[in-house]
Amino acid sequence: MRRSWRVMIASLSLPESLGAAFQRLLTNAGYFHVNYAIVVLLTLLVSLLWHPGALIVFIATMFAWMFLYFLRDTPLVVWGYGVEERLVLAVLSVSTVALLLLTKATVFLGGIAAGFVAVLVHSVFRRTNDLDLDEGGEGAVRLKETASANYSVL
């Protein structure tokens, strides 16, 4: 579910520690994952404006993104099995990069990197205490549990 852009840009501050920054990163990545995908795709689009062949491929993959990820309200079902949203995101991401690599316009890697840097900076500086995680932030909660389990092993 896409979150409000106003909520996304509100409440920015410096984290108190590296651990707090990592916790913010995990929580915000789970809560704003659709918004972050849009940010990365927009930076990718801007990087491809001067490469028409790659831009055509990107626009074609954007139709897949729209129908399989952004505009879908119900879980995707393939051959009677529900497909997790994270798997759809991963498959669409890998297929977009693979198809763009076929165009030999490697400038898109800079666009993706710029998008990831913007997402990383935002997710570290965006406070998490005002997010309504019960409303639909179960992805963030799942990420927190996974991170806690990983730290307990260390």
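Counting begins at 1 with the first residue of the sequence. All of these numbers come straight from a predicted model, not from anything done at the bench.
- Considering only residues two or more places apart in sequence or on other chains, Ser13 meets the side-chain hydrogen bond (donor to acceptor under 3.5 Å, both in side chains) condition with Arg24.
- Residues Leu48 and Leu55 approach most closely at O-CB, 3.8 Å, considering heavy atoms.
- For Asn28 (side chain) and Val124 (main-chain N/O), no donor-acceptor pair under 3.5 Å exists by modelled atom type.
- Ala29 and His33 make their closest contact through O-CB, 3.1 Å (heavy atoms, listed as atom of the first residue, atom of the second, distance).
- Evaluation of the side chain to side chain donor-acceptor pair (under 3.5 Å) test over residues 87-102, restricted to residues two or more places apart or in two chains, returns Trp65-Thr96.
- Val46 is not connected to Val121 by any chain of hydrophobic side-chain contacts under 4.5 Å among Ile, Leu, Val, Met, Phe, Trp and Tyr, and they are in different clusters.
- Residues Ile56 and Phe58 are members of separate hydrophobic clusters, defined by side-chain heavy-atom contacts under 4.5 angstrom among Ile, Leu, Val, Met, Phe, Trp and Tyr.
- Annotation: side chain of Phe32 is not in contact with side chain of Ser123 (no heavy-atom distance under 4.5 Å).
- In this structure, Thr61 OG1 and Met66 CE are separated by 12.0 Å, a value rounded to the nearest 0.5 Å.
- In this structure, the side chains of Phe116 and Leu120 stay at 4.5 Å or more apart for every pair of heavy atoms.
- Under the side-chain hydrogen bond (donor to acceptor under 3.5 Å, both in side chains) criterion, His122 pairs with Tyr36, not counting sequence neighbours.
- A single hydrophobic cluster is seen to contain both Phe63 and Leu92, as judged by linkage of ILVMFWY side chains at heavy-atom distances under 4.5 Å, directly or through other members.
- Heavy-atom minimum distance, Ala54 versus Leu100: O-CD2, 3.4 Å.
- Looking at heavy atoms from C-beta onward, Val39 lies out of side-chain contact with Asn35 at the 4.5 angstrom threshold.
- Cluster membership for Met62 and Leu102, using ILVMFWY side-chain heavy atoms within less than 4.5 angstrom, is shared.
- Around CG of Leu18, the count of heavy atoms belonging to other residues, nucleotides or ligands within 6.0 Å does not exceed 12.
- Residue pairs meeting the side chain to side chain donor-acceptor pair (under 3.5 Å) criterion with at least one member in residues 110-120, sequence neighbours excluded, do not occur.
- Side-chain contact between Glu85 and Tyr69: present, with at least one pair of heavy atoms (C-beta onward) separated by less than 4.5 Å.
- Cluster membership check: Val117 shares its hydrophobic cluster with Leu14, using side-chain heavy-atom separations under 4.5 Å among Ile, Leu, Val, Met, Phe, Trp and Tyr.
- For Val97, the side-chain contact (heavy atoms from CB on, under 4.5 Å) test picks out Leu101, Phe108, Ile112, with sequence neighbours left out.
- Judged as a side chain to side chain donor-acceptor pair (under 3.5 Å), not a single pair has a partner in residues 40-51 (not counting sequence neighbours).
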